[in-house]
Amino acid sequence: MQSIRVSNWFGSIVSAPRVVVEVETVEQIVEVMRDPERYPAPVRAVGSNHSTTPCGVAEGGTLLVMRKMDRILEIRDDTVTAQAGALYLDVNILLRKNGLQFYVNVELGNITIGSACTGGTKDASFAGEFGQLASYAVAIKMVTPSGELVEFTEDDPELLQVARSSYGLFGVVYEATFRVRRLDALSVHHEHFTFEQFAARLPELSARGESMMLYINPFTDSVTVEFRHYEPVGDPRTLTSWQWKLRNYVWSHAAPLFGHRVTTLVRSRRLRGLLYDLYNRFIVFALLTFVKGERTAAMAQQIRYPVVPTNARYTFSIWAFPEERYVECLRAYFAFTKEHYRRTGYRVDLLSVGYRINDDQSSLFSYSYNGTVITFDPVSTGSEGWDQFLRAYNQLCSDLGGVPLFNQTNFLTREQVDKAFGSRIEQFDAHRRRYDPGGRLLNDYFRELIASPGA
Ligand SMILES: Cc1cc2nc3c(=O)[nH]c(=O)nc-3n(C[C@H](O)[C@H](O)[C@H](O)COP(=O)(O)OP(=O)(O)OC[C@H]3O[C@@H](n4cnc5c(N)ncnc54)[C@H](O)[C@@H]3O)c2cc1C
């Protein structure tokens with residue numbers, strides 16, 4: 001039988017499933033689950049395939065592409081229900097027309113509902129809110145490997161908690177309901193710090209009660225903080241979007257394109273470094289000067305990335321650290337990136353970022369399960385040396401006691417996963433085996449990182 005070549009959005013994870021099904025109905029998913037001859041294992045569902053790890057890979061098996069199941073089914077006062085393949089941004093656009101919005105507005109508008117309710121995500125938390133999309137999923141409907149339809153709801157919080165971390169390992173999601181909030185005006189501004197200033201002032205900055213997202217540059221020893229909070233919406237027609245459009249253009253297009261050009265065209269390592277730093281200083285200037293406003297639209301933060309990426313694309317990784325130890329960990333990251341550059345000649349060609357995420361036990365693999373965290377995430381055009389950098393970065397972060405995300409932290413080892421999640425891995429796998437005793441949904445990636453030996 002012939003296989004088909006599939007890659008993730010960035011193009012870094014390539015695989016060859018035997019069968020690819022563009023799913024349009026629940027019945028089709030049931031048919032796939034019930035016919036292992038025609039639809040070999042592993043059976044994996046994907047949404048927009050934006051993940052930077054092989055979490056959605058169905059090598060030699062059956063890949064269910066969910067994008068055609070994209071209907072938005074119901075909007076109520078405080079919830080929205082949509083099919084698994086609907087794009088988060090499309091749902092948000094409709095919510096806004098109804099005076100509503102999602103709680104968490106990740107920058108990636110292309111994330112699908114099916115991935116949002118069962119996988120790892122991040123956006124800087126607002127006071128009293130979570131920073132992970134799945135935490136607001138209140139009902140998740142799946143087709144299990146036996147072809148049964150099951151629903152996880154708040155009536156059984158323990159099961160909902162594991163389902164919110166299930167990554168398609170309990171079943172294929174066909175529909176989910178998210179809790180949503182009233183539309184409000186989003187106030188945003190940025191402040192710039194040297195590393196030492198940031199280190200000294202972090203407790204005070206966190207105590208302001210605003211969301212905090214960081215732009216981090218180890219090579220200029222600096223941290224720029226984006227602060228956001230909500231204000232009453234007043235007249236929604238007066239909300240502005242241009243600040244986010246500018247940010248989105250620079251972040252998702254101009255910066256990666258510049259990084260790509262400099263990385264591929266400039267041969268002198270010293271000149272490359274100077275150009276990266278010059279451009280990064282320009283980005284910080286633009287953030288401080290232009291990306292501010294008292295009444296912006298939260299939804300405008302989301303970017304609709306092109307279906308087929310161009311040279312203006314980027315990739316990244318992520319680990320999270322307890323807030324109280326963040327400065328010590330970030331200091332180690334600064335030292336590590338410089339040492340790695342000296343030793344190997346490789347440095348990331350875009351600004352690193354970081355997110356402050358509130359304490360959250362809503363999902364079993366929440367990376368802020370044990371308390372509020374802040375992340376540091378290298379971002380790159382994926383040039384030569386990136387993979388090697390990531391392996392060293394993983395080791396550093398694991399040694400520092402960090403926690404990764406299965407869909408956004410590539411090249412994890414079982415040892416690192418066990419260290420980060422401890423007994424939660426066995427707890428998850430016990431549930432997984434109940435829904436999928438034959439391992440039909442298990443791919444090599446999750447077999448290595450999560451499954452008990454022999455699965
Ligand atoms: C340019 C870029 C920017 C990004 N920005 C952000 C950001 O700001 N914040 C953030 O949190 N993340 C960000 N990400 C990461 C991204 O949000 C996650 O990787 C997310 O999982 C991608 O959603 P997707 O629909 O493409 O899922 P996929 O990559 O297709 O799938 C992710 C996982 O979910 C499973 N899955 C998908 N659909 C289903 C289903 N219907 N049923 C069961 N399982 C399913 C897959 O098997 C896989 O394990 C970004 C990624 C890129 C490339």
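Remember, it's 1-based here, ligands and their atoms both numbered in the order they're listed.
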Does the gap between the ring centers of [X] and [Y] come in under 6.0 Å?
X	Y	result
Phe321	Phe376	yes
Phe421	Phe365	yes
Trp251	Tyr314	yes

Inset, instruction - Quick one: sort the Phe389 and Trp386 rings into parallel, tilted or perpendicular, breaks at 30° and 60°. - result: parallel
Legend entry - Arg424 side chain to Ser366 backbone, donor-acceptor under 3.5 Å: yes
Legend entry - Residue contacts for ligand 1, heavy atom to ligand atom, distance under 4.0 Å: Trp9, Arg44, Ala45, Val46, Gly47, Ser48, Asn49, His50, Ser51, Cys55, Gly56, Met66, Ala84, Val106, Glu107, Leu108, Ile111, Thr112, Gly114, Ser115, Thr121, Lys122, Tyr167, Gly168, Gly171, Val172, Val173, Tyr305, Tyr314, Phe316, Asn407, Gln408
Legend entry - Arg347 to Tyr276, cation-pi by 6.0 Å centre distance and 45° axis angle: no
